[in-house]
Amino acid sequence: MFSFQLTARSTDCLARTGRIKTRHGEIQTPIFMPVGTRASVKALAPEDLKACGAQIILGNTYHLYLRPGCEVIGPFGGLHRFMHWDRPILTDSGGFQVFSLAKLSKITEDGFAFQSHIDGSRHLLTPESSVAVQLCLDSDILMCLDECIPYPADQMRAERAMALTGRWAERCRSAWQEADRPQNALFGIVQGGMFEALRRRSAQALADLDLPGYAVGGLSVGEPKELMLQIAAATLPLLPEAKPRYVMGVGTPADLVEMTAMGADMFDCVMPTRNARNGQLFTRRGTLNIANARFRQDTAPIDEQCGCYTCRHYSRAYLRHLYMAKEILVYRLNTIHNLHYYLDLMEGMRTAIAEDRFQAFRRSFYAELKTG
RNA sequence: GGUGGGGUUCCCGAGCGGUCAAAGGGAACAGACUGUAAAUCUGUCGGCGAUGCCUUCGGAGGUUCAAAUCCUCCCCCCACCA
């Protein structure tokens with residue numbers, strides 16, 4: 001029901017292509033997954049996502065548990081029918097909200113005790129309840145509940161969170177196995193802060209659980225970029241070769257290129273969608289802020305070489321006008337462009353890996369950025 | 001014609017003798033955003049050869065050590081009454 005197959009490998013780096021099979025179709029890796037936290041990739045309809053080339057999207061357990069809740073989504077048979085998306089869905093466990101909503105939460109051995117950011121009500125998210133909610137959402141890929149720590153964090157703190165994440169992973173796995181739903185794959189998450197030794201131990205312990213896939217968590221939490229890349233480079237090779245490797249919450253286009261070279265298969269990040277709504281657009285020559293006065297009378301599209309719906313039909317001047325006037329259409333048009341850019345970048349990398357010219361692709365990626 | 005209320009930095013709008021280049025919005029300009037409490041947030045926003053100087057609060061005079069703030073006249077605007 002769920003499977004992963006490697007289809008090509010670079011000879012000069014660790015980059016690889018693969019194919020994930022799910023009951024909602026196949027995913028070609030490496031892939032970027034647009035974030036749809038509350039059962040919606042903000043500003044887009046599923047048809048827009050497909051036109052951008054989206055193969056799989058994210059949902060979030062914490063947010064969907066609080067609102068609208070399983071009693072609403074359950075009767076639909078899960079998230080797919082609820083939100084009219086028939087391709088694969090990965091749900092985050094709520095672990096990241098332990099981190100980003102830390103002021104409202106408390107971590108115990110049992111789980112994540114928190115107060116709703118919506119109404120202040122008290123809840124407890126445990127490994128078991130997180131899995132239960134994700135099964136109710138019927139996502140194709142479930143994530144283990146983990147503890148993501150901020151940067152900087154000392155080794156003791158990192159070790160404690162890493163160990164807890166490991167124990168929670170075992171409990172998630174038990175809950176998942178008891179449910180007997182192999183079509184809903186469960187992924188483990190490596191933690192360990194910025195300490196390679198801890199990352200190693202975490203990866204080892206999780207590998208022993210023999211889960212369908214593995215993720216690197218706890219990156220891009222405020223650390224310097226070089227450190228992030230260093231830890232990713234040290235961690236990714238520790239993950240089982242034959243399983244999909246997912247780097248959570250990353251990243252910039254350059255991050256995706258670098259980590260693909262390290263053997264990562266899956267990424268997700270709010271950057272293309274959030275920044276689109278904030279006026280920052282990605283192009284192969286760098287980013288541009290559509291609010292800048294220099295685009296006021298610019299009749300050109302965002303990127304002459306881009307084939308997205310937005311670039312085929314609209315000028316920078318028009319997009320700037322919509323943005324300045326806060327017309328809601330701009331959020332859709334900008335998001336379409338940024339996601340198209342991200343997904344097109346991934347497709348370019350897949351092709352390059354398949355043709356074993358990834359390093360050449362990488363060089364031209366940076367060369368083109370410089371011309372911007 | 002009468003009575004009352006107003007004219008403030010791009011706009012709206014506080015200020016009502018010194019701590020005022022003048023609150024607060026808006027607009028404008030620039031930046032940030034990495035498993036989304038984000039269609040959000042931050043900074044700049046009279047001019048300079050700038051820990052100081054110059055110009056500015058409808059116009060012109062005046063009072064005072066000191067005026068956007070007080071007085072006189074003038075020019076506009078608004079409301080109500082004739």
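Both backbone and side-chain heavy atoms feed into the values below; hydrogens, waters and symmetry mates do not.
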K.L.:
What interatomic distance, in whole Å, is found between C1' of G1(B) and the corresponding atom of C54(B)?
P.N.:
46 Å
K.L.:
Side-chain donor or acceptor of Asp92(A) under 3.5 Å from a matching atom on the base of G35(B)?
P.N.:
yes
K.L.:
With sugar-phosphate meaning primed atoms plus P, OP1 and OP2, does Asn278(A) contact a base, only sugar-phosphate, or nothing at under 4.0 Å between heavy atoms?
P.N.:
base
K.L.:
Compare the minimum distances between each of A37(B), G31(B), U34(B) and the side chain of Lys225(A), then state the nucleotide with the smallest one.
P.N.:
U34(B)
K.L.:
Name the nucleic acid region contacted by Ile118(A), choosing base, sugar-phosphate or nothing; use a 4.0 angstrom heavy-atom cut-off, strictly under.
P.N.:
nothing
K.L.:
Mind checking who U9(B) pairs with, Watson-Crick or G-U wobble, both distances under 3.5 Å?
P.N.:
none
K.L.:
State which of U34(B), U40(B), C29(B) makes the closest approach to the side chain of Ala293(A).
P.N.:
C29(B)
K.L.:
By nearest atom, which of the nucleotides A37(B), A38(B), C29(B) is closest to the Arg274(A) side chain?
P.N.:
A38(B)
K.L.:
Taking CE from Met248(A) and P from U36(B), how many angstroms apart are they, rounded to a whole number?
P.N.:
8 Å
K.L.:
Ring centroids only, cut at 6.0 angstrom: are Tyr342(A) and Phe32(A) within range, meaning strictly under it?
P.N.:
yes
K.L.:
Which of residues 142-164 of chain A sit near RNA chain B, with a heavy atom under 4.0 Å from it?
P.N.:
Asp146(A), Cys148(A)
K.L.:
Using the C1' atom on both, measure G17(B) against A67(B) and round to a whole Å.
P.N.:
6 Å
K.L.:
Do the side-chain N or O atoms of Asn275(A) get closer than 4.0 angstrom to the phosphate oxygens (OP1, OP2) of A38(B)?
P.N.:
no
K.L.:
Among A28(B), A37(B), U36(B), which nucleotide sits nearest the side chain of Asn60(A)?
P.N.:
U36(B)
K.L.:
Base, sugar-phosphate, or nothing: which does Asn334(A) touch, judged by heavy atoms less than 4.0 Å apart?
P.N.:
nothing
K.L.:
Compare the minimum distances between each of A27(B), U34(B), C29(B) and the side chain of Val250(A), then state the nucleotide with the smallest one.
P.N.:
U34(B)
K.L.:
Taking the ring centre of each residue, are His340(A) and Tyr309(A) less than 6.0 Å apart?
P.N.:
no
K.L.:
Between U56(B) and G46(B), how far apart are the two P atoms, rounded to whole Å?
P.N.:
16 Å
K.L.:
Considering only atom C1', compute the distance from A22(B) to C57(B) and round it to an integer number of Å.
P.N.:
8 Å
K.L.:
Within the structure shown, what part of the strands sits under 4.0 Å from Leu90(A) by heavy-atom distance: base, sugar-phosphate, or nothing?
P.N.:
nothing
K.L.:
Output the rounded distance in Å from CG (Asn289(A)) to P (C33(B)).
P.N.:
12 Å
K.L.:
Among A28(B), G35(B), A37(B), find the nucleotide with the atom closest to the side chain of His117(A).
P.N.:
A37(B)
K.L.:
What interatomic distance, in whole Å, is found between C1' of U64(B) and the corresponding atom of G2(B)?
P.N.:
36 Å
K.L.:
Under 3.5 Å for both donor-acceptor distances, Watson-Crick or wobble: does U36(B) have a partner, and if so which one?
P.N.:
none
K.L.:
Tell whether Ser100(A) reaches the base of U36(B) with its side chain through a donor-acceptor pair below 3.5 angstrom.
P.N.:
no
K.L.:
For nucleotides C65(B) and U51(B), find the distance between their C1' atoms and express it as a whole number of Å.
P.N.:
25 Å
K.L.:
May I ask you to decide whether Asp255(A) forms a salt bridge with Lys225(A), counting only side-chain N to carboxylate O separations under 4.0 Å?
P.N.:
yes
K.L.:
Tell me whether Lys50(A) is salt-bridged to Asp86(A), with the criterion being a basic N under 4.0 Å from an acidic carboxylate O.
P.N.:
yes
K.L.:
Are the side chains of Pro253(A) and Phe282(A) in contact, using a 4.5 Å heavy-atom criterion?
P.N.:
yes
K.L.:
Would you check if the side chain of Thr351(A) reaches a backbone N or O of Glu347(A) as a donor-acceptor pair within less than 3.5 Å?
P.N.:
yes
K.L.:
Using the C1' atom as the point on both nucleotides, what is the distance between U8(B) and A68(B), in whole Å?
P.N.:
7 Å
K.L.:
Suppose you measure atom C1' in A23(B) against the same atom in U40(B); what distance do you get, rounded to whole Å?
P.N.:
25 Å
K.L.:
After noting the C-alpha distance and the side-chain angles of Phe96(A) and Tyr62(A), does the key distance pass the ring pair (Phe, Tyr, Trp, His ring centres under 6.0 Å) rule?
P.N.:
CA-CA 9 Å; Phe96(A) 185 72; Tyr62(A) 169 93; over 10 Å; no
K.L.:
Would you kindly confirm whether Leu227(A) and Leu256(A) end up in one hydrophobic cluster when ILVMFWY residues are joined by side chain heavy atoms under 4.5 Å apart?
P.N.:
yes
K.L.:
Could you tell me whether Asp110(A) and Arg171(A) have a side-chain N and a carboxylate O separated by less than 4.0 Å?
P.N.:
yes
K.L.:
Is Ala291(A) touching bases, backbone alone, or none of the nucleic acid, heavy atoms closer than 4.0 Å?
P.N.:
sugar-phosphate
